[in-house]
Amino acid sequence: MCRLLEETGVSGAPDSHFHQPSRAAWMEHFGVEERATEAETLAAVFARAVEKGRGGTDVFGLRLQRQSFAYFAETLRVMYPGFGTDVDRMEAAFGRTLFIHLTRENKLDQAISYVKAKQSGLWHRAPDGMEIERLSAPAEPVYDRAAIAAQLEASLRMDAEWVDWFSQEGIAPLRIAYDALSEDPHGARASVLDALGVAFEPVGDALPVARLADAVNAEWAKRFRREMPG
């Protein structure tokens, strides 16, 4: 979804701009030096993040993953101590905000995809087969039931935490299912652009990324279910 939105040229450059739960990592990523106070340093980091996340447009895009959310939220509390809720602090930092909950209903498939990507090192590939994102040297993925089970539990927990947070904050997010995004990526993007109130006329139907799931994923899922107790 991030690449789909960025390629429109009107809906920002959404990415995991605050992925690492570390102020030092943020400073290094955005090329920000230590300021006189923590508040000034964080303000400089967020200013660079907003600039990068806008991608030359009027819309700022940010992807937040649950494992880095707690640190991100605590940082906003430091920056905006007088605001009562996470939403208030986010809107103080970024302006009026549309919340999108992208979730994968089949959590086993999600866990398998994560374990396989972590093992193989390949996270994203273009439709023509060219690698877009590789985080480690190529390696042959090997079935690991314990790793899949642990990631399945983590995926279920993190998704439940998002649902709870949306409820606590009184947010009705735009919900997009992974399968719907995979089957009709341009339709899913159109729903986001419509919610943003951003006009865009697509040209062609090229996709920025291809699905990595293959027969290996399907075989691992079958094997995992066979090995489940009971």
Side-chain angles (χ1 to χ4, degrees), residues 1-7 14-21 61-72 99-166 173-189 191-192 205-230:
M1 178 59 76
C2 289
R3 290 180 181 273
L4 282 167
L5 290 171
E6 183 176 5
E7 73 175 8
D15 204 345
S16 300
H17 302 300
F18 297 97
H19 181 62
Q20 294 295 329
L62 172 63
R63 175 176 63 190
L64 276 175
Q65 295 173 311
R66 191 66 204 181
Q67 59 267 32
S68 55
F69 178 75
Y71 182 83
F72 174 79
F99 292 92
I100 303 167
H101 184 201
L102 175 58
T103 185
R104 190 166 182 173
E105 294 177 351
N106 191 322
K107 292 294 189 290
L108 176 57
D109 284 352
Q110 180 179 343
I112 288 172
S113 292
Y114 180 89
V115 171
K116 185 182 170 192
K118 194 169 183 181
Q119 289 184 355
S120 69
L122 180 61
W123 292 84
H124 292 101
R125 174 186 288 148
D128 63 3
M130 184 178 68
E131 294 183 2
I132 295 175
E133 183 180 16
R134 171 173 290 283
L135 300 183
S136 60
E140 192 68 24
V142 178
Y143 179 81
D144 185 336
R145 189 186 189 286
I148 294 171
Q151 187 57 41
L152 174 58
E153 181 181 357
S155 296
L156 288 167
R157 183 189 72 252
M158 289 188 287
D159 205 55
E161 288 173 351
W162 275 127
V163 172
D164 288 345
W165 182 78
F166 288 133
L174 173 62
R175 300 186 186 276
I176 298 179
Y178 173 84
D179 288 341
L181 174 61
S182 297
E183 292 169 7
D184 184 14
H186 292 101
R189 179 178 64 185
S191 69
V192 174
D205 57 358
L207 298 177
V209 296
R211 293 190 66 171
L212 292 178
D214 54 20
V216 173
N217 296 63
E219 177 53 38
W220 284 12
K222 290 180 182 178
R223 181 174 173 180
F224 187 89
R225 291 190 180 96
R226 285 199 307 267
E227 295 174 353
M228 289 180 65

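Predicted, not measured: the structure shown is a model, and the values here were computed from it. Residues: numbered from 1 along the sequence shown.
- In terms of heavy atoms, Ala111 sits closest to Leu152 at CB-N, 3.5 Å.
- Annotation: the span from Asp109 atom CG to Lys116 atom NZ amounts to 11.0 Å, rounded to 0.5 Å.
- Going from atom OH of Tyr178 over to atom CD of Glu105 covers 12.5 Å, rounded to the nearest 0.5 Å.
- In this structure a side-chain-to-backbone donor-acceptor pair under 3.5 Å is missing from Arg66 to Met158.
- A distance of 3.5 Å separates CG of Asp159 from NZ of Lys107, quoted to the nearest 0.5 Å.
- Counting non-hydrogen atoms of other residues, nucleotides and ligands closer than 6.0 Å to CD of Gln67 gives a total above 12.
- Contact check for Val163 versus Thr103: no side-chain heavy atoms found under the 4.5 Å cut-off.
- The minimum heavy-atom distance linking Gln65 with Trp162 is given by the pair C-CZ2, 4.1 Å.
- Note: Arg104 CZ to Ser113 OG = 4.0 Å, rounded to the nearest 0.5 Å.
- Around the NZ atom of Lys118, the shell of radius 6.0 Å holds no more than 12 heavy atoms that belong to other residues, nucleotides or ligands.
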Q: Dump the intermediate steps for side chain to side chain contact (heavy atoms under 4.5 Å, CB included) on Tyr114 and Gln110, then the final yes or no.
A: CA-CA 6 Å; Tyr114 180 89; Gln110 180 179 343; 5.8 Å; no
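- Ala221 approaches Leu108 most closely through the heavy-atom pair O-CD2, 4.1 Å.
- Nearest heavy-atom pair, Ala147 versus Val115, reported as atom, atom and distance to 0.1 Å: O-CG2, 3.7 Å.
- Heavy atoms only, all atoms of each residue included: His19 and Ser68 are closest at O-CB, 3.0 Å.
- In this structure, Phe99 and Phe166 have perpendicular ring planes: the angle between them is above 60°, well past the 30° mark.
- Note: Leu102 CG to Leu174 CG = 10.0 Å, rounded to the nearest 0.5 Å.
- For the pair Glu161 and Arg157, the salt-bridge criterion is met [side-chain N within less than 4.0 Å of a carboxylate O].
- With values rounded to the nearest 0.5 angstrom, Ile112 atom CD1 is found 7.5 Å from Tyr143 atom OH.
- The minimum heavy-atom distance between Cys2 and Pro14, with the atom names listed, is CB-O, 3.3 Å.
- Without hydrogens or angle criteria, Asp144 side chain to Ala146 main chain gives a donor-acceptor distance under 3.5 Å.
- Salt bridge status for Arg223 with Glu227: present, with a side-chain N to carboxylate O gap under 4.0 Å.
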Q: Before giving the answer on side chain to side chain contact (heavy atoms under 4.5 Å, CB included), spell out for Ile176 and Val192 the whole-Å C-alpha distance, their side-chain angles and the decisive distance to 0.1 Å.
A: CA-CA 9 Å; Ile176 298 179; Val192 174; 3.6 Å; yes
